[in-house]
Novice: 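There's a structure below that I have some questions on.
First listed ligand is number 1; within each ligand, the first listed atom is number 1. All values derive from a computational prediction rather than experimental measurement.
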Amino acid sequence: MIVGAGFGGLFAARGLRGAAVDITLVDKHNYHLFQPLLYQVATAGLAPSDIAWPIRGILSRQKNVTVLLDEVRGVDTAKREVLTGTRSLHYDYLVLATGARHAYFGHHDWEPHAPGLKSIDDAVAIRQRVLMAFERAEMTDDEEERRRLLNFVVVGAGPTGVELAGTLAELAHYTLAADFRHIDSRSARVILVEAGSRVLPAMPERLSDYAVRALHRLGVEVRLEHAVTDCGPRGVMLGDEPLPTATILWAAGVSASRAGEWVGAATDNAGRVVVAGDLSVPGHAGIFAIGDTAAVRDSDGELVPGIAPAAKQQGRYLARLIRTRIEGRPDPGPFRYRHAGNLATIGRKAAVVDFPLLKLSGRLAWWLWGIAHIYFLIGMRSPILVALNWLRQYLTYGRGARLITFQDRDRNDAG
Ligand SMILES: Cc1cc2nc3c(=O)[nH]c(=O)nc-3n(C[C@H](O)[C@H](O)[C@H](O)COP(=O)(O)OP(=O)(O)OC[C@H]3O[C@@H](n4cnc5c(N)ncnc54)[C@H](O)[C@@H]3O)c2cc1C
């Protein structure tokens, strides 16, 4: 039984191709999502179907997998059953690969005002919110309200925050520049707020400094060492300073899924299941946790980062481990993580690349980032179409997915 068809769960299932096992893969969505490009959907560059693929389609040729669309609510470890709202599903081995969710540092009431970006629904809702802010600014006669509507605040300057802020600035300053008659979309402010002292803190300082310069060039205001103290319908508070806005995007924190609670496992301060070297949950024979929902240490004792390659490697490893166990062969030894590097893009001309042997910034880094992402889309559907779409955007600043499809709901959301 594999719960979650993200990078970890999907690679575990694929790794068991041809093995003498019956796999049940349960996911609450019917699609596998390429999260690294979610910000492109949120900023109207790509359509949802460019970055998400039906799980059934991906696994249709793998006959030992049954896919179920259902939400897991708990696990009965004594009976070895996974519990959804409507049924109990027996397992011999259980792989928990349910990823992560947004964390608001205890301020759950901020979520409706400051949506985060984790799913297709989140991205489409953010796209609506952003586009509706421009529409409403075009219609209002109230100058103060217009300014508020044209302020866009992104909280958190990790890769997602930087990518969102850079692309929003391009949307406002280039893509929409000729589209409105009563507002100048180029007057929009995009403000990236970060409590820490630098952007992209997981990267070397030189690359963080470059990213700030690139953001400035795009017109993004970067506010470092400013912690958000409140989020509400009228805007955010940075200490005593109010920042009026109708669009707050939350990229400041994640915590693991509830999988640890389901099995009563020990978790770390981000809610991740603390697993053993073979990714098993201590005290629970046959239960494993991988990807963003697990706290995995590499051979140096360092925490493995919550990124896609790490989840894929864990999924592949676990498939090998289970295969050797059922075939009665010796275990492959503990999981070893191979860090390939980190990448982040800042708009359409700049990126930073932090590989173990190569640190790069600028246009070349952007092309590397693009090639890497196209490469990772291969094996899914239509990487060529996504590439062509990007090329068109790159040459024209066009963002073709600028559709508002549930206006009324969003009009309410945006206050
Ligand atoms: C906006 C964004 C940008 C990112 N950019 C990058 C990047 O550029 N590079 C990079 O390497 N990493 C990036 N990441 C991180 C990367 O996407 C994750 O590390 C990776 O997806 C983790 O894989 P996973 O399998 O653990 O979880 P996920 O891929 O999140 O998959 C979890 C799956 O579990 C399912 N699920 C959850 N709860 C339940 C339930 N109760 N019942 C049934 N199913 C459930 C979900 O529907 C989902 O399909 C980004 C993440 C985000 C959110």
Novice: Could you check whether E302 pairs with R297 (Lys NZ or Arg NE/NH1/NH2 to Asp/Glu carboxylate O, under 4.0 Å)?
Specialist: no

Novice: Taking the six-membered ring where the residue is Trp, are the ring centres of F105 and H107 under 6.0 Å apart?
Specialist: no

Novice: Return each pair, listed once, that meets salt bridge (Lys or Arg N to Asp or Glu O under 4.0 Å) where at least one residue sits in residues 85-97; pairs must be two or more places apart or across chains.
Specialist: D70-R87

Novice: Can a donor-acceptor pair be found, under 3.5 Å and without considering hydrogens, that links the side chain of D76 to the backbone of R80?
Specialist: no

Novice: Applying side chain to side chain contact (heavy atoms under 4.5 Å, CB included), can you list everything that pairs with A214, at least two apart in sequence or on another chain?
Specialist: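 Expected list: Y210, R217, I346, A350.
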
Novice: Distances for all N or O pairs of ligand 1 and the protein under 3.5 Å?
Specialist:
unit_1: ligand 1; atom_1: 11 (O); unit_2: A308; atom_2: N; d: 2.9
unit_1: ligand 1; atom_1: 12 (N); unit_2: A308; atom_2: N; d: 3.3
unit_1: ligand 1; atom_1: 17 (O); unit_2: Q35; atom_2: OE1; d: 2.7
unit_1: ligand 1; atom_1: 19 (O); unit_2: D292; atom_2: OD1; d: 2.9
unit_1: ligand 1; atom_1: 19 (O); unit_2: D292; atom_2: OD2; d: 3.2
unit_1: ligand 1; atom_1: 19 (O); unit_2: G306; atom_2: O; d: 3.0
unit_1: ligand 1; atom_1: 19 (O); unit_2: I307; atom_2: N; d: 3.4
unit_1: ligand 1; atom_1: 21 (O); unit_2: Q35; atom_2: OE1; d: 3.1
unit_1: ligand 1; atom_1: 25 (O); unit_2: F7; atom_2: N; d: 3.2
unit_1: ligand 1; atom_1: 25 (O); unit_2: G8; atom_2: N; d: 2.8
unit_1: ligand 1; atom_1: 26 (O); unit_2: D292; atom_2: N; d: 2.8
unit_1: ligand 1; atom_1: 30 (O); unit_2: Q35; atom_2: NE2; d: 3.1
unit_1: ligand 1; atom_1: 41 (N); unit_2: V72; atom_2: O; d: 3.0
unit_1: ligand 1; atom_1: 42 (N); unit_2: V72; atom_2: N; d: 2.9
unit_1: ligand 1; atom_1: 44 (N); unit_2: K28; atom_2: N; d: 3.1
unit_1: ligand 1; atom_1: 47 (O); unit_2: D27; atom_2: OD1; d: 2.6
unit_1: ligand 1; atom_1: 47 (O); unit_2: H29; atom_2: ND1; d: 3.0
unit_1: ligand 1; atom_1: 49 (O); unit_2: D27; atom_2: OD1; d: 3.4
unit_1: ligand 1; atom_1: 49 (O); unit_2: D27; atom_2: OD2; d: 2.6

Novice: What residue pairs, at least two apart or across chains, pass side chain to side chain donor-acceptor pair (under 3.5 Å) with a residue in residues 283-294?
Specialist: S257-T293

